[in-house]
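Counting convention: from 1, in listed order, for ligands and their atoms alike. Residue numbers count from 1 along this sequence.
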Amino acid sequence: MSSLHDPRAHFILVPLVAQGHAIPMLDMARLLAERGARVSFITTPVNAARIEAIIDQVKESHLPIQFVILPFACAKAGLPDGCESFDLLPSIEYTKAMFEGTRVLQEPLELFLRELRPKPSCLIADMCNPWTMEVARKLRIPRIVFHGPSCFYLLCVHNMAMHGIFERVPDEFEPFLVPDLPCRVEVNKAQALGFATGPEWANFMQEMVVAESTADGIVINSYDDLEPWHIRSYQKAKGKKKVWSIGPLCLCNKDVTRKATRGNKASMDEHIITKWLETMEPGSVIYVNFGSSARTRPSQLIEIGCGLQASNRPFVWVIKGVELTPEIENWLSGGFEESTSSRGLIIRGWAPQMVILSHPAVGGFLTHCGWNSILESISAGVPMMTWPQFSDQFLNEKLIVDELRIGVAVGVKVPMSHVTDDGRVMVQREDVEKAVSRLMDGGENGEDRRMRVRELQEKAMKAMEGGGSSYVNMTRLIQYIMEHTNKEL
Ligand SMILES: *[C@@H]1O[C@H](CO)[C@@H](O)[C@H](O)[C@H]1NC(C)=O
């Protein structure tokens, strides 16, 4: 694919082995390749099998992207065989082992990179892969950190750390204001940090901080017109280190086939889903999907289902494979599916989310507030109902509901990791029903939300087009790397 005299920049992309982290990096790979760079995308056998359709498309498109499948030594990482992605972990207890275990890729990656001639120009690694720091240093390759979350979240975390909030506020549930923001944002530690609050995480967190501070730059999946103040402040906070905002990356998927093949094999053919959506009124359907990693308990799933049923509105509800316990299957087939069959579509497994969100029949999205989902919703002009679960999601909710005012909150206060195992549900069916009607009802507020999200959609498309802010940032990123690459072998 390359010769010694290849003048193109060659980017090595190292995503975290989690679907929510790999999806935007796959988009990034395409964008870089479409802009004339070469890309090597690092993956593992199990993850490569999941994105087979994407790999095939890329081959057909003749984009200069190479998929590099490195062995993932699960046993060495203390993980069960085949656990090469976060959603495959047998239980939440393995989370830390997984974060720390991705280091097993360090050696194979280094071996692969050493063989490359000419030397690659740049390594872009997920912030959760701090071990890439050593690889880049040894091989003397510029390294850029990719941050998956919103810039608002990144800025909040930065400000909280600068003010020592995590040490100062001992109680996980004590509310405090995020410092140095133009608006009032109240959170607690449990919400702001999600799962990684305990002292056992300190080491890994510190590694990520060091890896970021020694990086040559930062890439974020956002765009100027979405959060201008936060992006500017974050850039200021990072001083000399450049911050390129090149999103929403999902907008690189322009046609239906590409929209349909994101992340994993869809469990239901997109044509069946589209056909079903065709039978519904424009803007009438609520789409429900909580992303790839968090697992909803059976009792809570049933409350969601009953809330949707009571709302009397059409819905597409995605239930993950791991959540389909015998209890849930019995409940679904014991009347629920039948009684809602005229207006409800249940997808068991992985859904082609961008295809669904872009369909005119869809008028609202009940989301866990993962940043990819939010960007996909905005890119489709669909307002949201927010149900955060952990990590950046509670702060993302504040951005969506309070600042951008393109969503309504369902009312979740406690992250999943802090919910006690006593069978209590976090959100009652009445609350689901109420939030659905607030979001989907006409009314002035509803109309305003829809108008605002469509404005942001238009601005997102502009940002990604030639001359737009994200397009220009991508140009500058590639230029920067071309100028800073050490050309010698
Ligand atoms: C990204 O684009 C914006 C708007 O054009 C610009 O102000 C900013 O400096 C760019 N960022 C970098 C790192 O070049």
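- Between Gln353 and Ser373 the shortest heavy-atom distance is NE2-OG, 3.1 Å.
- The local environment of CG in Asn203 is sparse, with at most 12 non-hydrogen atoms from other residues, nucleotides or ligands closer than 6.0 Å.
- Protein heavy atom at the shortest distance from atom 7 (O) of ligand 1 is Asp224 OD2, 4.4 Å.
- Phe41 pairs in a ring-ring contact (aromatic ring centres under 6.0 Å, His included) with only one of the listed residues (Phe112, Phe67, Phe11), which is Phe67.
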message = Determine whether Arg30 and Glu34 satisfy the following criterion, salt bridge (Lys or Arg N to Asp or Glu O under 4.0 Å), listing intermediate values before the conclusion.
response = CA-CA 6 Å; Arg30 276 177 159 147; Glu34 283 169 4; 5.7 Å; no

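- Regarding atom 11 (N) of ligand 1, its nearest protein heavy-atom neighbour is Asn473 OD1, 3.2 Å.
- Within the structure, the closest approach of Val472 to ligand 1 does not fall below 4.0 Å when heavy atoms are considered.
- Near Val243, meaning under 4.0 Å from one of its heavy atoms, ligand 1 places the atoms 11 (N), 13 (C).
- Of the polar atoms of Ser245, none of the N or O atoms is found under 3.5 Å from an N or O of ligand 1, judged by distance alone.
- Summary of contacts: the protein heavy atom closest to atom 6 (C) of ligand 1 is Arg476 NH1, 3.7 Å.
- Looking only at distances, no side-chain donor or acceptor of Arg295 sits under 3.5 Å from a matching main-chain atom of Lys320.
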